[in-house]
Protein chains: 2
Amino acid sequence: MRETYHHGDLRRRLLDLTAETVAGRGVSEVSLRSLARAAGVSHTAPRNHFGSRAGLLTAFATEGHLILAERLREGAATSFLETGVAYVEFASAHPAHFAVMFSQEDLVVDDPAFVAARQQTFGVLCAGVEGLQDAGKVSDAAAAAIAGWSLVHGLATLALTGNLDASSVRAYVAEPDLSALARRAASMLYGSGTTAAPAAAERKEV
Amino acid sequence: MRETYHHGDLRRRLLDLTAETVAGRGVSEVSLRSLARAAGVSHTAPRNHFGSRAGLLTAFATEGHLILAERLREGAATSFLETGVAYVEFASAHPAHFAVMFSQEDLVVDDPAFVAARQQTFGVLCAGVEGLQDAGKVSDAAAAAIAGWSLVHGLATLALTGNLDASSVRAYVAEPDLSALARRAASMLYGSGTTAAPAAAERKEV
DNA sequence: CCCCGATGTTGCCAGTGGAAACATCGGGGT
DNA sequence: ACCCCGATGTTTCCACTGGCAACATCGGGG
């Protein structure tokens with residue numbers, strides 16, 4: 001009843017080890033050989049599952065997009081603002097996945113599974129913007145889409161890379177909770193139209 | 001009258017080769033040895049100038065921050081909106097520098113020169129936000145600072161990593177000019193307070 | 001004039017990605 | 001029930017890289 005022949009699901013184990021390594025020491029420290037050692041297999045075993053280092057990172061990024069799309073759908077059920085908050089919360093909860101997903105470096109960008117998973121993420125975002133447009137809450141839907149996505153993506157990126165902590169901007173933001181900060185910042189963009197009391201908004205996120 | 005003893009300014013040459021390599025094939029393809037070969041020197045010559053691969057990338061990132069800070073000062077002379085536009089235009093004009101500056105990976109983050117240069121960038125941004133606050137144009141200066149920086153940083157990041165082109169969001173943005181797109185998106189954030197006719201705003205940028 | 005530090009070279013080592021040839025396990029077709 | 005064959009994993013090899021140590025060279029300043 002073992003899931004695979006010899007190891008017992010080496011593929012799953014390698015993806016988990018990737019998450020640990022990226023979160024702890026950065027994506028550049030991810031090597032097929034070190035992961036193989038950690039999993040107790042020979043140094044070419046990972047190639048049977050991912051083909052190459054880029055293949056491993058692509059599979060990892062694909063996993064990330066599937067999780068993110070699910071989180072965005074949950075947020076979208078509440079409001080477009082919460083969709084953005086969910087975006088930042090995903091980055092905070094899965095920093096390793098987030099870092100790899102958008103690196104576009106060392107990724108097999110035309111991998112079918114990856115492209116499909118990424119399309120799910122984009123699909124939820126675009127659906128949210130269409131909702132705003134239909135409700136007449138924004139005049140320039142294109143700018144709203146780009147601005148909203150850029151804002152949450154930039155906030156997540158800056159927070160994860162430590163640039164928020166290291167900067168003198170830190171003097172402005174005593175806010176330790178990234179979710180609350182995301183809600184405050186995003187409210188500035190859609191403040192009048194989408195939510196009157198952003199800090200009190202209820203959420204169903206895990 | 002040669003600037004250096006043997007090569008003629010190997011340091012400058014290596015930084016230029018780094019820009020070419022990062023822009024063309026990604027930061028992971030930057031190796032001290034390949035750059036040394038391209039410069040026609042032995043494989044350890046770069047170590048005399050940068051100490052290590054991380055040292056090279058840190059020097060490269062430092063150079064980027066000095067350029068960015070200068071561009072931001074020019075934009076800040078016009079308006080805070082133009083400061084944000086200048087941020088995106090820098091990323092577009094110097095994609096290699098931008099990618100390395102915020103990677104926080106393979107960087108000697110406590111390098112004094114790097115920290116000082118980064119502080120220049122943050123200083124200009126914070127000064128711009130203080131200007132907005134003093135003018136009473138924003139109520140929540142902290143959120144405004146984070147939101148503004150996040151928006152332009154996210155837009156630049158998404159554009160450079162190709163996620164803007166690859167996504168179905170592309171259906172919304174026929175806008176080929178990244179500067180104009182940045183102005184449209186940023187206008188949504190400060191539209192009422194800082195500029196009435198964003199598209200017509202004059203600029204002194206090069 | 002000559003010493004010494006900046007600059008560059010040669011040789012070495014360990015770690016890595018990748019490929020080929022081979023071994024093993026066990027499910028499915030017969 | 002048997003055995004073939006593909007999935008999984010191993011062994012062995014190569015080229016490239018980062019880093020270190022010992023050495024060579026250049027030329028400005030004491």
Side-chain angles (χ1 to χ4, degrees), chain A residues 1-18 20-22 24-61 100 103-111 113, chain B residues 1-18 20-22 24-61 100 103-111 113:
Chain A
M1 286 305 163
R2 291 188 300 182
E3 299 180 20
T4 61
Y5 297 67
H6 303 86
H7 176 277
D9 205 349
L10 180 58
R11 180 186 169 90
R12 180 69 259 153
R13 178 75 181 128
L14 291 174
L15 288 174
D16 292 342
L17 286 170
T18 298
E20 292 177 21
T21 305
V22 173
R25 295 181 299 165
V27 64
S28 65
E29 294 299 312
V30 173
S31 81
L32 295 179
R33 292 170 108 100
S34 67
L35 297 188
R37 273 195 301 273
V41 295
S42 73
H43 68 268
T44 55
R47 281 178 57 89
N48 291 317
H49 296 277
F50 304 105
S52 68
R53 181 177 188 272
L56 166 68
L57 294 177
T58 302
F60 187 68
V100 174
S103 72
Q104 219 81 357
E105 178 110 347
D106 306 318
L107 248 53
V108 185
V109 288
D110 56 352
D111 177 85
Chain B
M1 283 307 164
R2 291 188 300 182
E3 298 178 20
T4 60
Y5 298 66
H6 303 87
H7 177 276
D9 204 349
L10 181 58
R11 180 186 169 91
R12 180 69 261 153
R13 179 74 183 129
L14 291 173
L15 288 174
D16 292 342
L17 286 170
T18 299
E20 292 177 22
T21 305
V22 173
R25 295 181 299 166
V27 64
S28 65
E29 293 300 312
V30 173
S31 81
L32 295 179
R33 292 170 108 100
S34 67
L35 296 188
R37 273 195 301 272
V41 294
S42 73
H43 68 268
T44 55
R47 281 180 56 88
N48 292 316
H49 297 277
F50 304 106
S52 68
R53 181 177 187 273
L56 165 68
L57 294 177
T58 302
F60 187 67
V100 174
S103 73
Q104 219 80 356
E105 179 110 344
D106 307 317
L107 248 54
V108 185
V109 288
D110 57 352
D111 178 84

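Letters A, B, ... are given to chains in the order of the sequence lines, protein chains preceding strands, and every chain is numbered from 1.
In terms of position along DNA chain C, the nucleotide closest to A:E29 lies nearer the 5' end than the nucleotide closest to the other residue of the pair A:E29 and A:T44. Nearest-nucleotide positions on DNA chain D place A:S42 closer to the 5' end than the other of B:V30 and A:S42.
Across all strands shown, D:dG28 forms a Watson-Crick or G-U wobble pair with C:dC3, both key distances being under 3.5 Å. Base pairing of D:dG18 is made with C:dC13, judged by Watson-Crick or G-U wobble geometry with both donor-acceptor distances under 3.5 Å.
Formation of a donor-acceptor pair under 3.5 Å by the B:R53 side chain with backbone atoms of B:V30 is found in this model.
With B:L56 as reference, B:T18 is the one residue of B:L17, B:D106, B:T18 to meet the side-chain contact (heavy atoms from CB on, under 4.5 Å) rule.
Rounded to whole Å, the distance from CG on B:D9 to C1' on C:dA6 is 14 Å. D:dG19 atom P lies 16 Å from atom NE2 of B:H49, rounded to whole Å. Taking atom CZ of A:R37 as the reference point, atom P of D:dT11 lies 15 Å away to the nearest angstrom. To the nearest angstrom, P of D:dC20 lies 11 Å from CG of B:L32. Atom CG of B:L57 and atom P of D:dG19 are 10 Å apart (whole Å). The nearest whole Å value for the distance from the CZ atom in B:R13 to the C1' atom in C:dG8 is 17 Å. Here the P atom of nucleotide D:dG18 and the CZ atom of B:F50 are 14 Å apart, to the nearest Å. Following rounding to the nearest Å, A:L35 (CG) and C:dG15 (P) show an atom-to-atom distance of 16 Å.
Counting any heavy atom pair closer than 4.0 Å across all strands shown, B:S31 reaches sugar-phosphate atoms only and no base atom.
Scanning atom types as modelled, one donor and one acceptor separated by under 3.5 angstrom connect the side chain of B:H43 and the base of C:dG11. For a distance-only test at 3.5 Å, the side chain of A:R47 fails to qualify as a donor-acceptor partner of the base of D:dG9.
Side-chain contact check for B:L15 versus B:F50: some heavy-atom pair is nearer than 4.5 Å.
The side chain of B:R33 lies closest to C:dC12, out of D:dT8, C:dC12, C:dT9. Out of C:dG18, C:dT10, D:dT10, the shortest distance to the side chain of A:S52 is found at C:dG18. Counting only heavy atoms from C-beta on, A:N48 has its side chain closest to D:dT8 among C:dG17, D:dT8, D:dG19. Side-chain proximity of A:A45 to D:dT10, C:dG17, C:dG11: nearest is D:dT10. In this structure, of C:dG8, D:dG18, D:dG9, it is D:dG9 that holds the atom nearest to the side chain of A:L10.
The residues A:D9 and A:R13 are annotated as not salt-bridged, no charged nitrogen and carboxylate oxygen being separated by less than 4.0 angstrom.
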Take B:S28 and A:E105, measure what side chain to side chain donor-acceptor pair (under 3.5 Å) needs, and give me the verdict at the end. CA-CA 8 Å; B:S28 65; A:E105 178 110 347; 3.1 Å; yes
